[in-house]
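Heavy-atom basis, side chains included; hydrogens, waters and symmetry copies ignored. All figures in this text were calculated on a predicted structure; none of them were measured in a lab.
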Amino acid sequence: MFDPSILFSSVLNGLTTGAVYALIALGLTLIYGVLHIINFAHGASLMLALYAVYFLKERWGIDPYLALPIVIPGMFALGYGLQRLVINRAGHGKDENILLVTLGIAIVMENLALLFFKSDTRNIDTAYALSTVAIGPAMIAVPKLVAFAGALVVSALLFWVMGRTDLGRAIRAVAKEKEGAKLMGIDVDHVYAMSFGIGLACLGAAACFLLPAYYVNPQVGGGFVLVAFTIVVLGGMGSFVGALIGGFLVGIVESLGGLYLGESLGQIGIFAIFIGVVLFRPQGMFGAKA
């Protein structure tokens with residue numbers, strides 16, 4: 001039976017989830033837009049960020065939202081170091097090598113997590129985890145509302161950095177024409193590392209917003225990176241606006257799928273969209289034809 005209030009609640013829930021999906025996808029699309037590679041270690045990096053938030057809470061009592069100033073710079077440093085010291089050197093400038101290196105990094109990260117943290121699924125308890133807020137006829141969990149608002153703030157900050165700062169201009173220049181950027185005196189290797197670092201910093205923010213209502217184990221990143229890749233393709237490879245809008249769309253589709261098909265089948269609609277985009281509009285909503 002059709003119930004407008006239930007439909008409204010489902011769409012609202014999808015928007016809150018989609019904002020975090022979009023934040024994860026923004027990191028992935030930034031790395032693709034500049035380095036022109038798919039970062040296969042994206043999901044494993046998110047998993048490490050989630051573990052960082054978990055242990056900050058469990059060992060030192062730091063609330064996930066208060067952990068933002070710690071986890072974001074930490075993930076940025078990890079991304080910068082990985083790209084500058086490992087990916088750049090091991091890739092030797094060849095895209096196929098870089099893809100294999102990022103895949104190898106993902107395997108190493110996941111197996112190290114299994115070694116040190118075992119395969120146990122962990123979560124945290126917070127005083128606000130079960131709190132809800134009424135929005136019209138819908139009741140939305142407080143952590144989801146905070147995640148929605150926080151993801152929008154971080155996304156807006158990223159848009160500002162890319163559009164209004166010298167770093168953002170350098171990143172856009174390297175993404176558009178690497179050789180021309182070199183001739184203008186831009187340190188391309190530094191820009192690559194900064195882009196990779198910012199991409200992982202987005203994961204750090206996403207982890208802080210996710211964990212109050214989610215869980216972590218060594219395999220948790222796989223599902224998120226599949227959804228993020230779908231969003232990147234849907235929005236258009238390298239398109240920030242496409243990643244943001246695609247995240248909201250995918251979140252709504254997943255929520256409505258769970259409502260009408262059941263929780264276990266909720267993501268079918270996401271991959272149906274992915275197949276449709278690849279077949280009928282491979283450049284995505286905001287991408288340009290190659």
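The distance from atom CD1 of Ile6 to atom CG of Leu256, rounded to the nearest 0.5 Å, is 12.0 Å. In this structure, CG in Leu30 is found 5.5 Å from CE in Met162, a value given to the nearest 0.5 Å.
Across all non-hydrogen atoms, the minimal contact from Lys57 to Asp125 is CE-O, 3.4 Å. Closest approach of Leu85 and Arg89 over heavy atoms only: O-CD, 3.4 Å. In terms of heavy-atom proximity, Ile124 sits nearest to Pro64 at CD1-CG, 3.3 Å.
Inter-residue side-chain proximity for Tyr32 and Ile38 is flagged as met; some heavy-atom pair is nearer than 4.5 Å. Looking at heavy atoms from C-beta onward, Thr102 lies in side-chain contact with Ile87 at the 4.5 angstrom threshold. Side-chain atoms of Leu157 and Val153, non-hydrogen and from C-beta on, never get closer than 4.5 Å to each other.
Judged as a side chain to side chain donor-acceptor pair (under 3.5 Å), and not counting sequence neighbours, Ser9 has no contacts. Residues satisfying the side chain to side chain contact (heavy atoms under 4.5 Å, CB included) test with Leu100, not counting sequence neighbours, are none. Applying the side chain to side chain contact (heavy atoms under 4.5 Å, CB included) rule to Val241 yields the partners Phe159, Ser239, Ile245, Phe286; only residues at least two apart in sequence or on another chain are considered. Annotation: side chain to side chain contact (heavy atoms under 4.5 Å, CB included) contacts of Ile107 (sequence neighbours excluded): Leu103, Asn111. Applying the side chain to side chain contact (heavy atoms under 4.5 Å, CB included) criterion to Ala181, with sequence neighbours excluded, gives Ala173, Val174, Ile186. Residues satisfying the side chain to side chain donor-acceptor pair (under 3.5 Å) test with Asp166, not counting sequence neighbours, are Arg169. With sequence neighbours left out, Tyr65 forms a ring-ring contact (aromatic ring centres under 6.0 Å, His included) with Tyr128.
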With a 3.5 Å cut-off and sequence neighbours excluded, list the donor-acceptor pairs that the side chains of residues 112-120 form with protein atoms.
unit_1, atom_1, unit_2, atom_2, d
Lys118, NZ, Leu115, O, 3.3

Donor-acceptor list for residues 188-204 side chains, cut-off 3.5 Å, not counting sequence neighbours:
unit_1, atom_1, unit_2, atom_2, d
His190, ND1, Tyr80, OH, 2.9
Ser195, OG, Val191, O, 2.8

Side-chain donor-acceptor pairs under 3.5 Å in residues 208-225, sequence neighbours left out?
unit_1, atom_1, unit_2, atom_2, d
Asn217, OD1, Gln219, N, 2.9
Asn217, OD1, Val220, N, 2.9
Asn217, ND2, Thr121, OG1, 3.2

For residues 226-235, which side-chain N or O atoms pair as donor and acceptor with protein atoms under 3.5 Å away, sequence neighbours left out?
unit_1, atom_1, unit_2, atom_2, d
Thr230, OG1, Leu226, O, 2.9

List, one per line, each side-chain donor-acceptor pair under 3.5 Å for residues 15-28, sequence neighbours excluded.
unit_1, atom_1, unit_2, atom_2, d
Thr16, OG1, Asn13, O, 2.7
Thr17, OG1, Asn13, O, 3.1
Tyr21, OH, Glu254, OE1, 2.7
Tyr21, OH, Glu254, OE2, 3.1

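At a threshold of 4.5 Å between side-chain heavy atoms, the hydrophobic network of Ile, Leu, Val, Met, Phe, Trp and Tyr places Phe148 and Leu130 in two separate groups. The hydrophobic clustering, which links ILVMFWY residues whose side-chain heavy atoms are closer than 4.5 Å, places Ile37 and Val108 together. The hydrophobic clustering, which links ILVMFWY residues whose side-chain heavy atoms are closer than 4.5 Å, places Ile140 and Phe8 together.
A distance-only check finds a donor-acceptor pair linking the side chain of Ser10 to the backbone of Ser255 [under 3.5 Å]. The main-chain N or O of Ala151 is found under 3.5 Å from a side-chain atom of Ser155 such that the two form a donor-acceptor pair.
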